[in-house]
Every structure is written in structure tokens, then in C-alpha cells.
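Some notes on the structure that comes next.
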Amino acid sequence: MTLETLSANLSFGGVQGVYRHKSAQTKTDMTFAVFVPPHDPGAKLPVIWYLSGLTCTHANVMEKGEYRRACAKLGLIFIAPDTSPRGNDVPDDDAYDFGQGAGFYVDALRHPWAAQYRMRSYIEDELPEIIAAHFPADRSRQAIMGHSMGGHGALTIGMRNPDRYKSISAFSPIVSPIQCPWGQKALTGYLGDDPAIWRQYDACALIKDGARTPALLVDQGTADNFLHDQLQPALLDAACRDAGIDLTLNMRDGYDHSYFFISTFMAEHLRWHAARL
């Protein structure tokens, strides 16, 4: 579990760091960001996992998400992993919505992706062990959130692991990859043609198949170009109503898909998580 520190900067009394390690899951170097707020020596702090969207790395939310002030005040560790394996020897695709930067938080089954595109196991298994070994994280108090493809990741990883994550939220999530072009392309490309395998990576399907969480928080901009074709929050609303899950779905008038939107409501989401941690 050797960890290389690429940068460390003081911010709001805490430390914003960027780190790199050799991943056993992806067989590549993986880079991630962690903000550790000011805290007493020996203290263990609650953790927020943030999963990013298509084309993003750890840097997008770190540079534009505006989470540090709130995390420092609330005493939250904020972790931002990458979205896929990267490197010259990693399979890729010319399209922005597949390949490097578009791992979709699945463990791929098809060649040539299966050997390295293991973002589900990386996020669920490998990276938490590294965080526990190197940072003052309280593993009994964890929450997960994300944006777009990362919203899909947060919803599905959170609902597959209800004993681990105390709360789940998302900005503009892909709520049902089975029913949208982005998801159909990614799930077919990484997993193959069997829709039964896809269901474990679809929030609405997981809920229909019995997955439960006490509450969900989702913010969605009404001016989002991807709202109707790719994101379809009404599908999640219907699935939650049928299952009795307390979904707070905030349709934010005039907001788009960008980090201008995310940063506007980031502190609200962090306060919501902190109240449950």
C-alpha cells in the first residue's frame, strides 16, 4: 500500500492532497484526491466519497467543486477518485463516453476491457483499504455522492452496500443506464449483451430487485442538455415511490450540467450527509 504524495496544500485549516499508488485492480497507477479537515490528533473523521462523471479525473471536483469550506466546518474527509484506469497501455476508445475517462464504475467482462476496467472493485474494495491505512477515516461513518456517470456510480455502489454507506446523494445522475444511450453503450461494451448482468449497475433496477436505502437526495438542473435523453430522473422518482424510499428530488430551475451547478448546491449536500454521519 505504498502511497506517493503528488501535492499537499493547506486550505481552510485542512490539507488538500493528491496521491498516486499502484492499483492491483486496474494494474495501473491510480491518482486520487483527499481533503482532510482540521482535527484533533488521533481523531477519526466521517468520510464522503465523491464519484465524478464522463471525461473527468479527480481534478474536476477538486478545482471546481467548492467543497473544502463546508468540509472543514463539518469535519468531513472528502475523497475524489479517478473515473477509469489510464495510460498508454490501457485500452481506449475515440469517443468521450467510452474507454479512458468513462469507466462507468463497473467490473468489465469483455475483452480488452476486462483486465483493467475494474472500477467497481477499485472503489468498493481496494481504495477504501488504502484510505483506512493512510488517513484518519472512520470506516463506520461513510457516505457516497457523485455527478452524472458518477451519480450512477454513487447510487449503485451505495445501494449495493447499504451497511457501509449511511447516506447517498447525486447531482444529475444517470439513474437507469439500461434505459439511456450512454448506459446502453457502456454496459454492452464492458459487460456484453445480457441485460440480467446489467441490472446490478442500474439504480432503478436495483430498487425494483429489492435494494433499499432510507433516503436519497438528488439535485437536477432543468436546463441540463442531457436531462430527457440520458438522465431521466422521473424513472428514479417512480422507482422510489413504488419501493417506499424517501427521495428528495430537487429540480433546480435554469441550472445546467456543469460545475457551476454542482458548486452552488455542494454545501447543501454535505450538510445533508453530515446530519446522517
Side-chain angles (χ1 to χ4, degrees), residues 33 48-71 76 78 80-81 83 95-97 101-105 143-159 167-186 201-204 207 213 215-241 245-276:
I48 301 285
W49 293 85
Y50 179 92
L51 306 185
S52 294
L54 288 166
T55 76
C56 291
T57 70
H58 68 280
N60 296 75
V61 69
M62 184 180 75
E63 295 170 358
K64 298 182 284 189
E66 299 184 23
Y67 55 83
R68 281 173 288 270
R69 182 189 297 273
C71 284
L76 301 172
F78 190 97
T83 52
Y96 77 94
D97 56 356
F104 258 82
Y105 304 99
I144 191 165
M145 63 189 300
H147 169 234
S148 194
M149 179 186 73
H152 141 75
L155 291 172
T156 55
I157 290 173
M159 286 192 290
S167 52
I168 308 166
S169 78
F171 296 101
S172 314
I174 303 170
V175 304
S176 185
I178 290 174
Q179 302 182 70
C180 78
W182 277 341
Q184 291 163 358
K185 177 179 180 178
Y201 297 112
D202 184 295
C204 293
I207 292 170
T213 186
L216 294 171
L217 172 63
V218 172
D219 274 48
Q220 171 66 61
T222 62
D224 191 322
N225 291 337
F226 306 114
L227 173 58
H228 301 293
D229 293 338
Q230 305 283 11
L231 307 178
Q232 306 178 71
L235 296 175
L236 181 64
D237 187 34
C240 287
R241 278 190 282 105
I245 295 173
D246 180 13
L247 169 66
T248 300
L249 175 59
N250 298 314
M251 299 300 296
R252 302 295 189 177
D253 190 39
Y255 283 91
D256 58 20
H257 200 69
S258 73
Y259 270 90
F260 295 107
F261 162 58
I262 296 167
S263 62
T264 301
F265 301 103
M266 175 66 81
E268 238 177 79
H269 277 240
L270 294 172
R271 288 191 294 269
W272 186 83
H273 286 294
R276 288 155 177 80

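Computed from a prediction, not measured in an experiment: that's the story for all the values here. The first residue of the sequence shown is numbered 1, and numbering continues consecutively from there.
Within the model, atoms CD1 of I174 and CG of L54 stand 5.5 Å from one another, a figure rounded to the nearest 0.5 Å.
Between F78 and M62, every side-chain heavy-atom pair lies at or beyond the 4.5 Å cut-off. Residues T213 and I245 are in side-chain contact: their nearest non-hydrogen atoms beyond the backbone lie under 4.5 Å apart. At least one side-chain heavy atom of L236 sits under 4.5 Å from a side-chain heavy atom of I207. Looking at L216 and L249, their side chains never come closer than 4.5 Å, going by heavy atoms from C-beta outward. Taking the side chain as every heavy atom from C-beta outward, T156 and Y105 never approach each other to under 4.5 Å. Residues L217 and H273 are not in side-chain contact: their nearest non-hydrogen atoms beyond the backbone lie 4.5 Å or more apart.
Using modelled atom types, no side-chain atom of Q220 and backbone atom of L227 make a donor-acceptor pair closer than 3.5 Å. The backbone N or O of H257 lies less than 3.5 Å from a partner atom in the side chain of H147, making a donor-acceptor pair. The backbone N or O of Q179 lies less than 3.5 Å from a partner atom in the side chain of Q232, making a donor-acceptor pair. In this structure, H152 contributes its side chain and F104 its backbone to a donor-acceptor pair below 3.5 Å. With T222 contributing its side chain and G254 its backbone, the two residues share a donor-acceptor pair below 3.5 Å. In this structure a side-chain-to-backbone donor-acceptor pair under 3.5 Å is missing from R252 to A223.
Checked against a 6.0 Å centroid threshold, the rings of Y67 and Y50 do not count as neighbours.
The number of heavy atoms from other shown groups lying within 6.0 Å of CZ (F260) does not exceed 12.
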